[in-house]
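Report on one structure; see the data block that follows.
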Amino acid sequence: MERLRTLVRAAAAQRTRLVVLPDLAGAETRAVTSAETLPLLEALSAETDTTLVVALAERVEGETFKTAYLIEQGRTV
């Protein structure tokens, strides 16, 4: 997450307003989930005034799947 913060902050310093992040879940079904990651990404979006797009893992009733998120002004839309 620290590397991600550094990269987004650097992009924002160059006036980038839209950052499309790689799939943070990857192929690993035990990957970090949206519940764990969204609050951190929302804070980063608010701090840097950037819109972030990211795919994260979701777990519901023993099933794992991916969801794409758009985070703007610190809020998931």
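Counting from 1, the numbers follow the sequence of the chain as shown.
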Would you say the side chain of [Y] lies within less than 4.5 Å of the side chain of [X], judging by non-hydrogen atoms?
| X | Y | answer |
| --- | --- | --- |
| Thr16 | Thr50 | no |
| Leu21 | Leu4 | yes |
| Glu36 | Leu56 | no |

To the nearest 0.5 Å, what is the distance between CG (Leu70) and OG1 (Thr76)? 8.5 Å
Distance, nearest 0.5 Å, that separates OG1 of Thr6 from CE of Met1: 10.5 Å
Stepwise side chain to side chain contact (heavy atoms under 4.5 Å, CB included) check, Leu40 with Arg5: CA-CA 9 Å; Leu40 301 170; Arg5 282 186 184 110; 3.7 Å; yes
Should Leu18 and Leu52 be regarded as members of a common hydrophobic cluster, given that ILVMFWY residues are connected when their side-chain heavy atoms come within less than 4.5 Å of each other, either directly or indirectly? no
Spell out, yes or no, whether Val8 and Val53 are grouped together once hydrophobic residues are joined by side-chain heavy atoms under 4.5 Å, including indirect joins. no
Could you go step by step and tell me if Arg9 and Glu47 meet the salt bridge (Lys or Arg N to Asp or Glu O under 4.0 Å) rule? CA-CA 9 Å; Arg9 287 173 180 152; Glu47 172 197 331; 2.6 Å; yes
May I ask you to check whether Glu72 and Ser45 show a side-chain donor-acceptor distance below 3.5 Å?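 Side-chain D/A pair, Glu72 to Ser45: absent.
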Going by side-chain contact (heavy atoms from CB on, under 4.5 Å), Ile71 matches just one of Leu38, Thr51, Val77. Which one? Leu38
